[in-house]
Colleague: 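Got a structure for you, questions after.
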Amino acid sequence: MGRDTIADIITSIRNADMHRKGTVRITSTNITETVVKILLREGFIENVRKHRESDKDFLVLTLRHRRNRNRKGPYKILNLKRISRPGLRIYSNYQKIPKILGGMGIVILSTSRGIMTNREAQLERIGGEILCYIW
């Protein structure tokens, strides 16, 4: 049985964000590094650094804690949702890629040109497998 590395990333980040942890440690693979670079570029995480421990590479993510405008309000939780999974793959062409919160969130896709966001895929006019939603 194979491992779903993207679901592991999403679950680790979601759990750490719910418990207001500052950092998350995930295993480093090519897919996880690409997804983490997208999260960093889009501003969902603050910092990423590589860590090597007993011949295994890890990525240590520093999460961005968000609050409402008035500091006394409730804590905003980062929302991540896995869409395509190993048992049920979901594909979309570039015209039918869903918009999350009217364009406020992002969709991460796996295309023939690599892993990219919905905006990049629509600019390049290319569809692919919808990996996850983030808002």
Side-chain angles (χ1 to χ4, degrees):
M1 185 168 16
R3 292 186 48 106
D4 189 4
T5 57
I6 296 171
D8 292 343
I9 296 169
I10 290 172
T11 303
S12 298
I13 293 173
R14 186 185 311 120
N15 288 342
D17 194 49
M18 282 193 312
H19 294 289
R20 298 183 189 181
K21 301 284 184 187
T23 59
V24 180
R25 190 178 87 161
I26 58 174
T27 57
S28 177
T29 63
N30 290 337
I31 294 173
T32 58
E33 286 183 17
T34 308
V35 171
V36 165
K37 284 179 188 176
I38 290 173
L39 292 175
L40 182 65
R41 187 177 62 227
E42 295 290 328
F44 290 105
I45 58 177
E46 282 186 21
N47 192 11
V48 180
R49 62 184 164 89
K50 269 197 166 183
H51 178 67
R52 187 167 183 85
E53 187 176 302
S54 65
D55 296 337
K56 290 186 181 180
D57 289 330
F58 294 99
L59 294 174
V60 179
L61 313 177
T62 305
L63 298 179
R64 180 172 303 236
H65 293 291
R66 304 175 300 161
R67 287 194 171 271
N68 282 341
R69 290 182 186 143
N70 58 357
R71 296 266 177 186
K72 297 177 184 176
Y75 179 75
K76 287 186 179 179
I77 294 176
L78 178 66
N79 294 306
L80 301 108
K81 184 176 182 184
R82 177 78 160 123
I83 302 301
S84 185
R85 49 193 167 90
L88 179 64
R89 304 288 186 183
I90 306 294
Y91 296 95
S92 176
N93 62 11
Y94 76 94
Q95 297 160 334
K96 295 184 181 177
I97 296 173
K99 289 188 178 183
I100 307 302
L101 290 178
M104 296 292 289
I106 63 169
V107 178
I108 297 179
L109 295 112
S110 176
T111 67
S112 59
R113 296 184 190 157
I115 296 176
M116 59 181 68
T117 64
N118 56 338
R119 293 181 204 108
E120 296 167 348
Q122 287 170 343
L123 285 175
E124 294 189 21
R125 297 179 151 235
I126 188 168
E129 180 183 354
I130 300 175
L131 298 178
C132 60
Y133 297 157
I134 302 169
W135 70 97

Colleague: Search all heavy atoms of Trp135 against all heavy atoms of Lys81 and return the closest pair with its distance.
Modeller: CZ3-CB, 4.1 Å

Colleague: When Ile108 is tested against each of Thr34, Ile10, Val35 for side-chain contact (heavy atoms from CB on, under 4.5 Å), which residue passes?
Modeller: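 One option only clears the test, and that one is Val35.
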
Colleague: Between Glu33 and Lys50, does any NZ, NE, NH1 or NH2 come within less than 4.0 Å of an OD or OE carboxylate oxygen?
Modeller: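 Between Glu33 and Lys50 there is a salt bridge, with a charged N closer than 4.0 Å to a carboxylate O.
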
Colleague: To the nearest 0.5 Å, how far apart are CG in Asp8 and CZ in Arg3?
Modeller: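 Atom-to-atom, Asp8:CG and Arg3:CZ are 4.5 Å apart.
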
Colleague: Verify the cluster assignment for Val60 and Phe44: are they in a single hydrophobic cluster under the rule of side-chain heavy atoms below 4.5 Å apart?
Modeller: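 No.
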
Colleague: Side chains of Ile130 and Pro98: closer than 4.5 Å at any heavy-atom pair?
Modeller: yes

Colleague: How long is the straight-line distance from CZ of Arg85 back to CG of Asp4, given to the nearest 0.5 Å?
Modeller: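 Answer for the CG-CZ pair, Asp4 versus Arg85, is 10.0 Å.
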
Colleague: Would you check if the side chain of Arg64 reaches a backbone N or O of Gly43 as a donor-acceptor pair within less than 3.5 Å?
Modeller: yes

Colleague: Output, in order, the C-alpha distance, side-chain angles, deciding distance and verdict of side chain to side chain contact (heavy atoms under 4.5 Å, CB included) for Glu120 and Thr111.
Modeller: CA-CA 11 Å; Glu120 296 167 348; Thr111 67; over 6 Å; no

Colleague: Taking atom OG1 of Thr32 and atom NZ of Lys37, what is their separation to the nearest 0.5 Å?
Modeller: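 Rounded to the nearest 0.5 Å, the OG1-NZ separation comes to 10.0 Å.
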
Colleague: Any donor and acceptor pair, going by atom type alone, linking the side chain of Arg49 with main-chain N or O of Thr62 inside 3.5 Å?
Modeller: no

Colleague: Quick check for you: to the nearest 0.5 Å, what is the distance between Thr29 atom OG1 and Leu59 atom CG?
Modeller: 8.0 Å

Colleague: At their closest point, which heavy atom of Glu53 faces which heavy atom of Phe58, and how far apart are they?
Modeller: CB-CE1, 4.0 Å

Colleague: Roughly how far, to the nearest 0.5 Å, is NZ of Lys99 from CE of Met104?
Modeller: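 That separation rounds to 13.0 Å.
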
Colleague: Kindly say whether Leu131 contributes a backbone atom to a donor-acceptor pair with the side chain of Ser110 at under 3.5 angstrom?
Modeller: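 Between the backbone of Leu131 and the side chain of Ser110 there is no qualifying donor-acceptor contact (under 3.5 Å).
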
Colleague: Got Thr27 and Lys56 here, is their nearest side-chain heavy-atom distance under 4.5 Å?
Modeller: no

Colleague: Which pair of non-hydrogen atoms, one from Ile106 and one from Ile100, has the smallest distance, and what is that distance?
Modeller: O-CG1, 4.1 Å

Colleague: Taking Arg14 for its side chain and Leu80 for its backbone only, find out whether a donor-acceptor pair lies under 3.5 Å.
Modeller: yes

Colleague: Would a distance-only check, ignoring hydrogens and angles, find a side-chain to backbone donor-acceptor pair under 3.5 Å from Asn118 to Ile97?
Modeller: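 Answer holds: no.
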
Colleague: Determine whether Ile45 and Val24 make a side-chain contact, defined as any pair of heavy atoms from C-beta on separated by less than 4.5 Å.
Modeller: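 A side-chain contact under 4.5 Å is absent here.
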
Colleague: Answer yes if Leu40 and Met116 sit in the same cluster of Ile, Leu, Val, Met, Phe, Trp and Tyr residues linked by side chain heavy atoms under 4.5 Å apart, and no otherwise.
Modeller: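 Each belongs to a different hydrophobic cluster.
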
Colleague: Supply the atom-to-atom distance Tyr91 OH to Leu109 CG, rounded to the nearest 0.5 angstrom.
Modeller: 11.5 Å

Colleague: Between Ser84 and Ile90, what is the shortest heavy-atom contact and its length?
Modeller: OG-N, 3.1 Å

Colleague: Just by modelled atom types, is the Ser54 backbone N or O under 3.5 Å from a matching donor or acceptor in the Arg52 side chain?
Modeller: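 No, because the side chain of Arg52 does not come within donor-acceptor range (under 3.5 Å) of the backbone of Ser54.
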
Colleague: Applying side chain to side chain contact (heavy atoms under 4.5 Å, CB included), run through Thr117 and Arg41 and close with a yes or a no.
Modeller: CA-CA 11 Å; Thr117 64; Arg41 187 177 62 227; 4.1 Å; yes

Colleague: Is the closest side-chain heavy-atom distance between Glu42 and Ile134 below 4.5 Å?
Modeller: no

Colleague: Which residues pass the salt bridge (Lys or Arg N to Asp or Glu O under 4.0 Å) test with Glu46, sequence neighbours left out?
Modeller: none

